[in-house]
Amino acid sequence: MAWSYRVMLVIYVCLLLFTSLLWIALPIKSLLAGFALGMSISFYNILQIILRTQIASKEVLKGSRKRRGLNSFTRYLAVAFGVLLIYRYPTWFDFRVFVFSLPIGYVLLVLINIYYGRRERQSLERGDKFWK
């Protein structure tokens, strides 16, 4: 699970830098600010899911009977914070782009897992070690 965390973090930083450069260069600042806000909340939610899943899996491997949740309420509050921020400052952030950019982290997580799953399966079929 650590590789998905690293890959997601690298992709997020690259997208945020690219969005920041576009924000400086282009006059559509509210669209890009809404995109950056939605993308940031999306990646926060994804990293929170990855962290909570790792904690829960360690608890299961230790044999603990205590059930750990994935903190859905915290993720809902993060989205609500973004909506309230857009409601408070409608000239700074565009709501449509914010809503569009919320699922980006989830889509990227699925695509990354599909890519690395296929790559690992192909390397196992050839007899290579996937992680060197």
Side-chain angles (χ1 to χ4, degrees):
M1 208 56 135
W3 59 269
S4 62
Y5 175 77
R6 282 186 244 129
V7 171
M8 289 294 292
L9 195 59
V10 167
I11 289 174
Y12 167 69
V13 168
C14 291
L15 281 173
L16 193 60
L17 284 174
F18 183 69
T19 304
S20 300
L21 290 175
L22 287 177
W23 187 80
I24 292 170
L26 297 177
I28 51 172
K29 296 192 185 307
S30 68
L31 293 174
L32 293 170
F35 181 76
L37 179 64
M39 185 179 56
S40 298
I41 290 173
S42 175
F43 278 100
Y44 166 76
N45 287 340
I46 289 297
L47 296 179
Q48 184 75 13
I49 288 174
I50 291 171
L51 177 70
R52 298 301 294 180
T53 305
Q54 286 178 349
I55 291 171
S57 63
K58 286 178 185 176
E59 290 290 325
V60 167
L61 290 175
K62 280 197 265 183
S64 174
R65 294 269 186 200
K66 189 175 182 182
R67 298 177 97 190
R68 296 277 182 184
L70 295 178
N71 277 356
S72 296
F73 188 69
T74 307
R75 296 194 317 267
Y76 296 149
L77 283 179
V79 174
F81 171 72
V83 169
L84 289 175
L85 200 60
I86 289 173
Y87 180 74
R88 176 73 171 98
Y89 304 106
T91 57
W92 292 2
F93 301 102
D94 188 21
F95 184 72
R96 296 166 296 187
V97 179
F98 172 74
V99 171
F100 168 73
S101 63
L102 278 176
I104 284 178
Y106 298 100
V107 171
L108 280 175
L109 184 64
V110 168
L111 292 176
I112 288 168
N113 283 323
I114 288 172
Y115 173 74
Y116 279 106
R118 286 185 180 171
R119 196 169 141 198
E120 183 178 9
R121 186 178 41 206
Q122 288 173 354
S123 67
L124 290 175
E125 288 173 357
R126 287 193 309 254
D128 299 337
K129 288 187 176 180
F130 182 67
W131 303 108
K132 296 181 180 180

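Note that these values count all heavy atoms, side chains included, but never hydrogens, waters or copies made by symmetry. Just so you know, residue 1 is the first one in the sequence shown, and it goes up from there.
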K.L.:
Is there a path of hydrophobic side-chain contacts, each under 4.5 Å between heavy atoms of I/L/V/M/F/W/Y residues, joining Val97 to Leu17?
P.N.:
yes
K.L.:
Assess whether side chain to side chain contact (heavy atoms under 4.5 Å, CB included) is satisfied between Ile11 and Ile112, documenting all intermediate values.
P.N.:
CA-CA 10 Å; Ile11 289 174; Ile112 288 168; 3.4 Å; yes
K.L.:
Please say whether more than 12 non-hydrogen atoms of neighbouring residues, nucleotides or ligands are located less than 6.0 Å from OH in Tyr106.
P.N.:
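Yes.
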K.L.:
Which atom pairs, donor and acceptor, lie under 3.5 Å between side-chain atoms of residues 26-42 and protein residues at least two apart or in another chain?
P.N.:
residue: Lys29; atom: NZ; partner: Trp23; partner atom: O; Å: 2.6
residue: Ser40; atom: OG; partner: Tyr12; partner atom: OH; Å: 3.0
residue: Ser40; atom: OG; partner: Ala36; partner atom: O; Å: 2.7
residue: Ser42; atom: OG; partner: Leu102; partner atom: O; Å: 2.7
residue: Ser42; atom: OG; partner: Gly105; partner atom: N; Å: 2.8

K.L.:
Are Val79 and Ile46 connected in the hydrophobic side-chain network, where two residues link if heavy atoms are under 4.5 Å apart?
P.N.:
no
K.L.:
For the residue pair Val7 and Tyr116, establish whether any side-chain heavy-atom pair is separated by less than 4.5 Å.
P.N.:
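Yes, side chains in contact.
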K.L.:
With the 4.5 Å side-chain cut-off for hydrophobic clustering, are Val13 and Ile50 part of the same group?
P.N.:
yes
K.L.:
Kindly work out whether a path of hydrophobic side-chain contacts (I/L/V/M/F/W/Y, heavy atoms less than 4.5 Å apart) joins Ile24 to Phe18.
P.N.:
yes
K.L.:
Do Leu108 and Leu15 touch side chain to side chain, with heavy atoms closer than 4.5 Å?
P.N.:
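Touching, per the 4.5 Å side-chain cut-off.
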K.L.:
Pairs under 3.5 angstrom only: tabulate donor-acceptor contacts from the side chains of residues 82-90 to other protein residues two or more places apart or in another chain.
P.N.:
none

K.L.:
According to a hydrophobic-cluster definition based on side-chain heavy atoms being under 4.5 Å apart (Ile, Leu, Val, Met, Phe, Trp, Tyr only), do Ile49 and Leu111 belong together?
P.N.:
no
